[in-house]
Amino acid sequence: MDLDEILALAETRPSPLELARARRVARTVQSQYDLSLAEGYKIIVDADLVDPLTWDADEATRVARAAQLAKRGTVTWLLGAGQAERSARLSWSDEMAMIVGHAPGTLRLTPRTLFDLVHPADVERVLAAVRTAWERSRPDETRFRVVQPGGSIRHVSCHLEILTDAGRPIGIIATGEDVTALELARQEQRRLAIRRQMLGADLAVRDVLTGLQTRSYVIDEVDRARRTTGGALIVVTTEPATRLPDALTDEDRDQLTADIARTLRTVVGHDVTSGMVGSGSWGLLLAPQEHAEAEPLAARIVDKFRNHLFSVRQKPLRLNISAGVVHFGSDIPDTGFDLLVDGEHAARDARRSATDVKVLGHPVAERDRTDRCRTRILSAVSTNRFALYAQPIIDLELNQIARHEILLRVRSDTGEPVAPWAFLDMAERVGEILSVDKWVIDHALELVGRGAQTSHYQVNVSGKSLADPGLLSFVTEAINRHSVKPECLTFEITETALIENRNEALTFATGIREIGCHLALDDFGTGYGALAQLKYMPVDLVKIDGAFVVDLCRSPADQAVVSALVELCHTLGIRVAAEYVQDKETMDLLRAAEVDFAQGYHIGRPAPITVSQEEVQTVELELRFPPQQTAMG
């Protein structure tokens, strides 16, 4: 029974049947009472027996009694002939006093003390509800918070009823109930509903282009297997048998990658954990009971691809393919990344030895693995197996191209420039990213120095490289050697979660600012401690991580995050850029959110750098991990 039903019951006239039943009950109670007195029992509490259904009480008393029976409190305010009498006619029940945290009879009730009990933020709403009920002479309801003497907050629901005499309003009675538990439950339901609406798919789980799992997902699954059951990891590497035409676009390369993924699925099916683990590299994880199937499955994949004719721009294309298999037990010290590297090296060895599959019965020794990775990275640096591409960035306020981001590409064995994210991941993990950073800084500044230097240029360094105390000197020397204006440079820190030495990072940031350059942070919103870095790093620009932008039009959660980050950065005097803009609708949303810069395929795809800087006011040179949502970056 709710409050409305109780009040309706209090106002209802009993039927003749109900009156008769009540009289019978009253007579029975009276008879037992008289019998007890006659037998000499001592009556502890004597009371006049009154028939509750024939009790002729006033309206306020009936409402208060009904509320008392329902364990609810009341506040009654009866108006007298003069204004001064109003406070004297204000009273509340013991139940209401306890609801607001006071023992009965301990507080002298006045209008001021009454409203002092209401939470300051809710006073106006309560007054408005009272005025409305009084002016319209009809019941109303309101919810508000009360502040108990110890500071605790309770939620109260009140039913307001106007008391009348001969049709004239003479007062108001409020029947209150502590609904804190109910209100908290409602708030939790609303929160869960909002969370369900805002919760989006994890973009790190599945690659948008191929439909397979991403590199990070495969590594995590291998990690889980090596901690529990063990298993077998197959790594397949594919590469065009001939160099692709220079006129080939990123769309053409993406189409080829998608075709390779579809062909792979026809062999392995959908039940096997499989994903793209690098440019032209594919990983498959088999359970322990499938150990014996690992080598035959790898051989079937190789045979399928060798007999399959792919097409690029309606021209036939065959792929060179090889595979490596790594068997591993449970509870081994090698990580999922280590096992993936072993599989990649096994596949490369199979290609060099002209065999289809190379099988490793156990993981490679850690020192041998690290030495081989370092040799591969340093060889790529010394032989300049890199290329720099530029991608335009638009100033959303001016609606014109104002910057270019320089993206790193790694050349394959056939000289084809491919996305570097697997290569850079390896360089980060084995501690050789500094050598790659220095190559990019030196060659990027050389290009800047040969250009017009019309406005601003941006060069990125990995957060892990900031631990090197000689990096600032290297950058300063390169600026002078290539005759680059320091005030035209911004250095952007990528992978901020990998910053190993906060003091060295701050020294680099401060030193860069002192020589006249600016500072920026990349992939903002995903790295650990990113907000703290805004506090102590002299940052001029942040790039919102593309995971919040790629699905912006369909994700209320992403829209909320982007708006909040923009407001935060602008409050701190920091400009904001957004990556992975794929369509006009996304760009319009970013402009509405007051994002300063945007880049992505909708604005322009990466292209090989030329020395001529045609009407480019700003060139952004960046060493970073290209998006894993696309195969070729």
Side-chain angles (χ1 to χ4, degrees), residues 1-12 44-48 50 52 55 57-80 85-134 139-163 170-190:
M1 179 178 291
D2 59 19
L3 183 57
D4 289 336
E5 292 172 336
I6 293 173
L7 294 174
L9 180 61
E11 295 178 351
T12 302
I44 304 300
V45 178
D46 197 2
D48 292 331
V50 179
W55 183 30
D58 62 78
E59 188 176 8
T61 305
R62 286 192 298 103
V63 173
R65 180 56 179 158
Q68 185 181 20
L69 292 174
K71 300 184 185 306
R72 300 182 182 183
T74 58
V75 176
T76 306
W77 193 345
L78 297 176
L79 301 184
E85 296 185 32
R86 294 189 179 187
S87 60
R89 311 282 307 262
L90 183 63
S91 63
W92 62 8
S93 66
D94 293 346
E95 290 81 2
M96 181 59 81
M98 290 185 290
I99 287 176
V100 298
H102 289 270
T106 60
L107 180 66
R108 181 175 178 271
L109 194 60
T110 67
R112 181 179 183 84
T113 57
L114 179 63
F115 282 99
D116 283 346
L117 297 172
V118 181
H119 193 285
D122 297 341
V123 170
E124 287 300 323
R125 185 170 71 253
V126 174
L127 288 173
V130 171
R131 283 194 295 265
T132 301
W134 182 266
D140 199 356
E141 289 187 3
T142 183
R143 287 185 179 232
F144 55 90
R145 292 162 293 174
V146 297
V147 183
Q148 295 186 341
S152 299
I153 305 296
R154 307 298 293 177
H155 292 265
V156 176
S157 175
C158 263
H159 181 90
L160 305 174
E161 186 173 353
I162 303 303
L163 303 174
I170 61 170
I172 188 168
I173 182 168
T175 306
E177 178 186 10
D178 187 333
V179 293
T180 303
L182 179 61
E183 181 61 28
L184 293 179
R186 288 175 176 173
Q187 291 177 6
E188 179 65 7
Q189 289 178 348
R190 287 194 296 267

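Basis for what follows: all heavy atoms, side chains included, without hydrogens, waters or symmetry-related copies. Nothing fancy with the numbering, it's 1 onward along the sequence.
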Apply salt bridge (charged side-chain N to carboxylate O under 4.0 Å, His left out) to Arg186 and list each qualifying residue two or more places apart in sequence or on a separate chain.
none
Is any side-chain heavy atom of Val147 closer than 4.5 Å to a side-chain heavy atom of Ile153?
yes
Can you list the steps and then say if Phe115 with Leu127 is a side-chain contact (heavy atoms from CB on, under 4.5 Å)?
CA-CA 9 Å; Phe115 282 99; Leu127 288 173; 3.3 Å; yes
Return the minimal non-hydrogen interatomic distance between Thr110 and Leu90, and the atom names on each side.
C-CD2, 3.5 Å
Where Leu109 and Ser91 come nearest, the two heavy atoms and their spacing:
CD2-C, 3.8 Å
Please name the pair of heavy atoms, one in Pro139 and one in His159, separated by the smallest distance, quoted to 0.1 Å.
CB-NE2, 3.6 Å
Sorted by chain and number, sequence neighbours left out, salt bridge (charged side-chain N to carboxylate O under 4.0 Å, His left out) with Arg131 holds for none
Thr76 and Leu78: side-chain contact (heavy atoms from CB on, under 4.5 Å), yes or no, with the steps?
CA-CA 6 Å; Thr76 306; Leu78 297 176; 3.9 Å; yes
Going by heavy atoms in the side chains, are Ser157 and Phe144 under 4.5 Å from each other?
no
Is any side-chain heavy atom of Val130 closer than 4.5 Å to a side-chain heavy atom of Ile172?
yes
Run the side chain to side chain donor-acceptor pair (under 3.5 Å) test against Thr180 and tell me which residues pass, sequence neighbours left out.
Arg154, Asp178
Pairing residues for Glu124 by the salt bridge (charged side-chain N to carboxylate O under 4.0 Å, His left out) criterion, not counting sequence neighbours:
none
Check whether Arg125 reaches the backbone of Arg143 with its side chain - one donor and one acceptor, N or O, closer than 3.5 Å.
yes
Scanning both residues in full, the closest heavy-atom pair of Pro104 with Met98 reads CD-CG, 4.0 Å
Give, for atom CG of Leu117 and atom CG of Leu107, the distance between the pair rounded to the nearest 0.5 Å.
6.5 Å
What pairs with Glu188 under side-chain contact (heavy atoms from CB on, under 4.5 Å), at least two apart in sequence or on another chain?
Arg191, Leu192
Check for a donor-acceptor pair, side chain of Gln148 on one end and backbone N or O of Ile99 on the other, with a separation under 3.5 Å.
yes
Taking the side chain as every heavy atom from C-beta outward, state whether Leu163 and Trp77 have any atom pair closer than 4.5 Å.
no
Would you please test Leu160 and Trp134 for side-chain contact (heavy atoms from CB on, under 4.5 Å) and show each step?
CA-CA 9 Å; Leu160 305 174; Trp134 182 266; over 6 Å; no
Write down the atom of Ala129, the atom of Asp140, and the distance for their closest heavy-atom approach.
O-OD2, 3.9 Å
Taking Thr106 for its side chain and His102 for its backbone only, find out whether a donor-acceptor pair lies under 3.5 Å.
no
For Ala121, which residues count as a side-chain contact (heavy atoms from CB on, under 4.5 Å) partner, sequence neighbours excluded?
His119, Arg145
salt_bridge(Glu183, Arg190) N-O dist < 4.0 Å
yes
Keeping the roles fixed (side chain from Ser93, backbone from Thr74), state whether a donor-acceptor pair exists under 3.5 Å.
yes
